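Comments concern the structure below.
Chain letters run A, B, ... following the sequence lines, proteins first and then strands; every chain starts at 1. No experiment lies behind these values; they were computed from the predicted model shown.
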2 protein chains.
Amino acid sequence: MKFQEFVSAHGVPISRAAGEHLFRQGDADQSLYIVKNGLLKAYYLSSEGKENIKSFIMPGDNIGSLVAAYANLKCSFSLICLRDSELIKVDFKAIYEASQHNLEIASTVVDFLLAFAMKKERREFELLCLSAEDRYRLLLENMPSITDLVTQNEIALYLGITPVGLSRIKKRVQSAI
Amino acid sequence: MKFQEFVSAHGVPISRAAGEHLFRQGDADQSLYIVKNGLLKAYYLSSEGKENIKSFIMPGDNIGSLVAAYANLKCSFSLICLRDSELIKVDFKAIYEASQHNLEIASTVVDFLLAFAMKKERREFELLCLSAEDRYRLLLENMPSITDLVTQNEIALYLGITPVGLSRIKKRVQSAI
DNA sequence: TTGCGCTTTTAACCCGGGTTAATTCCAGCC
DNA sequence: GGCTGGAATTAACCCGGGTTAAAAGCGCAA
């Protein structure tokens with residue numbers, strides 16, 4: 001059985017309006033969500049109410065809380081729709097078990113996890129090694145459409161700075177052209 | 001065939017003295033290294049010569065450049081021994097291909113990648129959401145022995161700050177007890 | 001014991017980004 | 001056109017950590 005067939009058989013289509021959550025930090029959601037269309041953001045909320053954006057999720061992307069799905073812990077972040085979105089919800093444990101009995105599915109899962117790991121490693125590099133300004137330049141380079149999709153506030157929280165800080169950086173970057 | 005058997009059959013034992021590299025940023029090393037004993041560090045070097053430490057690698061850990069091994073690119077970081085170390089070197093492509101034909105190996109690879117992804121996600125969280133001081137406190141909590149294993153310079157570069165900055169943080173943390 | 005080299009601390013100054021609050025911009029709506 | 005409310009900019013001040021350089025601490029070997 002192929003992964004696609006598995007998803008067709010076990011996945012549940014979900015529609016959510018902009019502003020609605022799929023799950024919140026602290027929930028025990030063990031699903032993997034496959035985004036068909038729309039736009040979502042995954043974000044952390046500190047105990048003091050500070051938001052940090054982990055990632056933006058586009059059509060074709062997958063998202064879910066690994067520690068909740070695999071380690072049976074609570075979700076470490078929240079997932080909310082920025083636009084009306086349609087997704088397929090699949091129970092992660094079911095995928096995991098299927099991968100233990102089916103080579104084709106296991107291969108897909110391996111490829112998926114390798115791509116995921118490389119993406120995380122890239123973000124780790126950017127956060128560890130680059131200044132906020134460099135991260136901003138890089139984001140513009142890799143995802144020029146981002147400025148049309150989300151507010152500057154959200155870009156700032158993704159970069160790990162405040163909207164005020166980003167405004168200053170923009171000014172510097174502009175005048176450097 | 002089990003993963004262990006695969007490693008025994010295809011792995012090559014390697015010994016390196018402290019200070020020696022396993023590979024350098026820019027190399028095309030497609031190996032996975034399994035650490036038997038010793039201590040290593042994975043680090044990025046910027047074009048201006050600034051070092052940032054990606055991780056410390058302890059006995060039992062695995063390390064290798066994903067983008068080099070899986071995406072056929074150059075290693076994005078360097079790997080050097082901090083102590084005399086013994087490791088097993090396994091060709092990643094061979095593991096990957098074995099996982100496509102053998103369910104037991106694929107399952108081990110899936111578990112390995114899941115654990116790896118959770119680790120990366122955790123580091124992403126720390127770098128995105130926590131201050132240098134909080135990251136230092138957390139490191140002491142999770143790995144109290146680290147202060148005996150590496151210099152303060154290296155702890156600082158792991159946290160993403162300078163040794164001078166870490167010295168100040170230490171002073172603050174001390175006096176807060 | 002002295003001296004050498006390396007690590008760590010301290011000091012002085014700098015700068016990027018945080019914070020708060022005022023201001024400007026802009027879209028939608030009457 | 002004139003309001004209104006949210007987004008973005010600007011300003012003023014603060015603070016954490018960077019930078020540079022000097023001082024102190026600490027093995028270790030002669």
Side-chain angles (χ1 to χ4, degrees), chain A residues 17-19 39 41 43-53 56 80-83 126-140 144-177, chain B residues 17-19 39 41 43-53 56 80-83 126-140 144-177:
Chain A
L39 178 65
K41 78 172 174 189
Y43 66 99
Y44 295 104
L45 215 51
S46 79
S47 49
E48 297 93 43
K50 302 244 166 196
E51 175 179 336
N52 282 95
I53 297 182
F56 299 110
I80 190 173
C81 295
L82 296 179
R83 303 282 170 84
E126 290 173 10
L127 290 168
L128 177 64
C129 300
L130 303 185
S131 67
E133 180 169 336
D134 287 343
R135 293 201 294 276
Y136 176 62
R137 288 174 187 277
L138 203 59
L139 178 66
L140 288 188
S145 62
I146 192 69
T147 49
D148 304 325
L149 297 174
V150 304
T151 68
Q152 201 158 308
N153 183 42
E154 273 153 345
I155 294 179
L157 298 183
Y158 174 76
L159 296 175
I161 59 179
T162 62
V164 181
L166 179 53
S167 177
R168 277 189 289 238
I169 287 176
K170 270 182 73 173
K171 206 172 161 187
R172 284 207 302 271
V173 172
Q174 291 296 342
S175 63
I177 295 172
Chain B
L39 178 66
K41 79 172 174 191
Y43 67 98
Y44 295 104
L45 215 52
S46 79
S47 48
E48 296 92 43
K50 300 244 167 197
E51 176 179 337
N52 281 96
I53 297 181
F56 299 110
I80 190 173
C81 295
L82 296 178
R83 302 282 169 83
E126 291 173 10
L127 290 168
L128 178 63
C129 300
L130 303 184
S131 67
E133 179 168 338
D134 288 343
R135 293 202 295 276
Y136 177 61
R137 288 173 188 278
L138 202 61
L139 179 65
L140 288 188
S145 62
I146 192 70
T147 48
D148 304 325
L149 296 175
V150 304
T151 68
Q152 200 159 305
N153 182 42
E154 273 153 346
I155 293 179
L157 299 183
Y158 174 76
L159 295 174
I161 59 178
T162 60
V164 180
L166 179 53
S167 177
R168 279 189 288 239
I169 288 176
K170 270 183 75 174
K171 206 171 162 188
R172 285 209 302 271
V173 171
Q174 291 296 344
S175 64
I177 296 174

Write down the distance between [atom1] ([X]) and [atom2] ([N]), rounded to a whole number of angstrom.
X: B/Leu166; N: C/dT7; atom1: CG; atom2: P; value: 14 Å
X: A/Asp134; N: C/dC15; atom1: CG; atom2: C1'; value: 15 Å
X: B/Leu159; N: D/dG16; atom1: CG; atom2: P; value: 17 Å
X: B/Asn52; N: D/dG18; atom1: CG; atom2: P; value: 10 Å
X: B/Asn153; N: D/dC26; atom1: CG; atom2: P; value: 18 Å
X: A/Tyr136; N: C/dG16; atom1: OH; atom2: P; value: 17 Å
X: B/Arg135; N: D/dG17; atom1: CZ; atom2: C1'; value: 11 Å
X: A/Ile155; N: D/dT9; atom1: CD1; atom2: P; value: 10 Å

Which nucleotide in [options] has an atom nearest any side-chain atom of [X]:
X: A/Gln152; options: D/dA8, D/dT10, C/dG17; answer: D/dA8
X: B/Arg168; options: D/dA8, C/dT8, D/dT19; answer: D/dT19
X: A/Lys50; options: D/dA8, C/dT8, C/dT19; answer: C/dT19
X: B/Val164; options: C/dG18, D/dA8, C/dA11; answer: C/dA11

OP1 or OP2 of D/dT9 less than 4.0 angstrom from a side-chain nitrogen or oxygen of A/Lys171, does that happen here?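 No, A/Lys171 has no side-chain N/O under 4.0 Å of OP1/OP2 on D/dT9.
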Can you tell me if B/Lys170 touches the phosphate of C/dT8, counting only side-chain N or O atoms and a distance under 4.0 Å to OP1 or OP2?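 No, no such contact exists.
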Side-chain (A/Arg83) to main-chain (A/Leu39) donor-acceptor, under 3.5 angstrom: no
Sub-4.5 Å side-chain heavy-atom contact between B/Ile161 and B/Ile169: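 Yes, close enough: below the 4.5 Å cut-off.
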Any chance you could lay out the side chain to side chain contact (heavy atoms under 4.5 Å, CB included) test for B/Tyr43 and B/Ile80, step after step, and finish with the verdict? CA-CA 8 Å; B/Tyr43 67 98; B/Ile80 190 173; 3.6 Å; yes
Take B/Ser167 and A/Thr162, find for each the nucleotide of DNA chain C with the closest heavy atom, and name the residue whose nucleotide sits nearer the 5' end.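 Looking at DNA chain C, the more 5' nearest nucleotide goes with B/Ser167.
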Using every non-hydrogen atom in the two residues, find where B/Leu128 and A/Gly160 come nearest and quote the distance to one decimal. CD1-CA, 3.9 Å
Should the side chain of A/Arg172 and the base of C/dG16 be counted as holding a donor-acceptor pair, with the cut-off at 3.5 Å? no
Regarding A/Glu133 and A/Lys170, does a basic nitrogen lie under 4.0 Å from an acidic carboxylate oxygen? no
Touch check for A/Ile169, heavy atoms < 4.0 angstrom, all strands: base, sugar-phosphate only, or nothing?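 The residue A/Ile169 makes sugar-phosphate contact but no base contact.
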